[in-house]
Amino acid sequence: METRVVFHIDFDYFYAQCEETRSPELKSKPVCVCVFSDRGGNSGAIATANYTARKYGVKSGIPISFAKKRLEERKDAVFLPVDFDFYSEISEKAMEIMKESADIFEYVGRDEAYLDVTKRVDGNFEKGFHLAQQIKNSIRDKIKLSCSIGISPNKLISKIASDFQKPDGLTLVSPDKAEVFLEQLKIRAIPGIGKKTEARFLEMNLETIQDLKNLDIFTLNKEFGRKTGTYIYNAVRGIDNEPVKEREASIQYSKISTLKKDSKDYQFLSENIRELCKEVHDVVKKNNRMFKSIGIHFVQSDLSSKSKSRMLKSPTSSIEELQKTADILLKEALENQTTTIRRLGVKVSELSEIQGQSDITSYF
DNA sequence: ACTATTCATCGGC
DNA sequence: TTACGGCCGATGAATAGT
């Protein structure tokens, strides 16, 4: 098998950087992009913060009120509400630029993509390095955005490499350097190994990827299951054969919102479910889709999650069926519900495309 | 016994 | 010290089908 040249490209502190591009005076200040909930005040969480804010311990996922405390001494700190449409616009433009440079382009998210450029650079990593520099320059010139790029023979190592130096990083890990590059890193650098898994390894006194090489595949499979165990075994050795592939557009649509008040009252929740169904259905309609699976999701007052979903007999695009099914799921879920519910969500999945119908509303 | 499907939970960004 | 969004996709157990 031929050696590939694979890029992983990641925009730096993406949402906050988007805000900086439209208001350059923000660049010198701590910038926090916030998801404010419907509860008013500072209820909500941080989506992203720029590096100035990060110096104060502000990072994505923490409560807004927590971030404000940490930035108390910075009177110039700004807390902006998220503007997903704006970020998506910028993302699309940047993705177009990257696509032009790729043999195969894989969209991962608004701020992330993989490129297979093997043919483009004749399998030559030096040429790959120059191509990556050109992409960075082009995105900076045209969109005023910085990004970090990892270059290696596969998606796994490139992902780790793009994270290695940032912001505005460019890290090349050629095949002969892969082992040494990985060995020095903390276990946490492996995508998919989060806080929980890291803690389990730390208890076994394993800290670096080098340390992990001491575990045999049987132990790993036994501890983590076959799929994850094998993945970790290969990952620490830099082995990953996942091809870069064009991605089908999203495979589910969902809406979740924080309720005005915590509740387990059917009437109140039912009204909210109805509205969420409408919003999800708008997206379904806009994308000309049918769905075959419907689910609801709770976040309870203690922040733990619960979900319930059901397969339909056949795909549909009917909002009535969506609302009816979601409501049934809600009723069933509430039967033995003891804790109150803080956030409520609706999702549809198992999507399929509606074939060329000019006026779909007349069909059921 | 193996594979495919369904459903609930988890974690990344 | 607490504080808490809105998405997405992956994983694996349970179940159904072959």
How is the hydrophobic cluster of A:L303 composed, in terms of its other members, when Ile, Leu, Val, Met, Phe, Trp and Tyr link through side-chain heavy atoms under 4.5 Å apart, directly or indirectly?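 Its cluster partners, ordered by chain and number, are A:I256, A:V299.
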Quiz: residues 174-181 of chain A side-chain donor-acceptor pairs under 3.5 angstrom, not counting sequence neighbours:
| unit_1 | atom_1 | unit_2 | atom_2 | d |
| --- | --- | --- | --- | --- |
| A:S174 | OG | A:D176 | OD1 | 2.9 |
| A:E179 | OE1 | A:K213 | NZ | 2.7 |

For the aromatic rings, using the six-membered ring if either is Trp, is the centroid distance between A:Y51 and A:Y13 under 6.0 Å?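 Centroid distance A:Y51-A:Y13: below 6.0 Å, so yes.
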Is A:R22 close enough and on-axis enough to A:F86, meaning under 6.0 Å and within 45°, for cation-pi?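 Cation-pi check for A:R22 and A:F86: passes.
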What distance, rounded to whole Å, do you find between the two C1' atoms, one in C:dC4 and one in B:dC13?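 Result for the C1' pair: 16 Å, nearest Å.
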Salt bridge (Lys or Arg N to Asp or Glu O under 4.0 Å) partners of residues 59-69 of chain A, not counting sequence neighbours, each pair once: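 For residues 59-69 of chain A, and leaving out neighbouring residues, there are no salt bridge (Lys or Arg N to Asp or Glu O under 4.0 Å) pairs at all.
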Taking only residues two or more places apart in sequence or in another chain, which ones pass side chain to side chain contact (heavy atoms under 4.5 Å, CB included) with A:R274?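 For A:R274, the residues satisfying side chain to side chain contact (heavy atoms under 4.5 Å, CB included) (neighbours in sequence not counted) are A:Q323.
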Going 5' to 3' along DNA chain B, between which two nucleotides do contacts with chain A fall, using a heavy-atom cut-off of 4.0 Å?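 Range of nucleotides touched by chain A: B:dT6 to B:dC13.
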Between the side chains of A:Q252 and A:S349, does any donor sit under 3.5 Å from an acceptor?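 Not at all, the side chains of A:Q252 and A:S349 share no donor-acceptor pair under 3.5 Å.
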To the nearest 0.5 Å, how far apart are OH in A:Y87 and CZ in A:R110?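 A:Y87 atom OH to A:R110 atom CZ measures 9.5 Å (nearest 0.5 Å).
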Counting any heavy atom closer than 4.0 Å, what does A:D111 reach on the DNA or RNA strands: base, sugar-phosphate only, or nothing?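 The residue A:D111 makes sugar-phosphate contact but no base contact.
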For A:K59, which contact category applies under a 4.0 Å heavy-atom criterion: base, sugar-phosphate, or nothing?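 If one applies the 4.0 Å heavy-atom cut-off, A:K59 turns out to touch nothing in the nucleic acid.
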With the sugar-phosphate defined as primed atoms, P, OP1 and OP2, and the base as all remaining atoms, what B/S/- string results for nucleotides 5-18 of chain C, 5' to 3', for protein heavy atoms under 4.0 Å? BBSBB-SS------
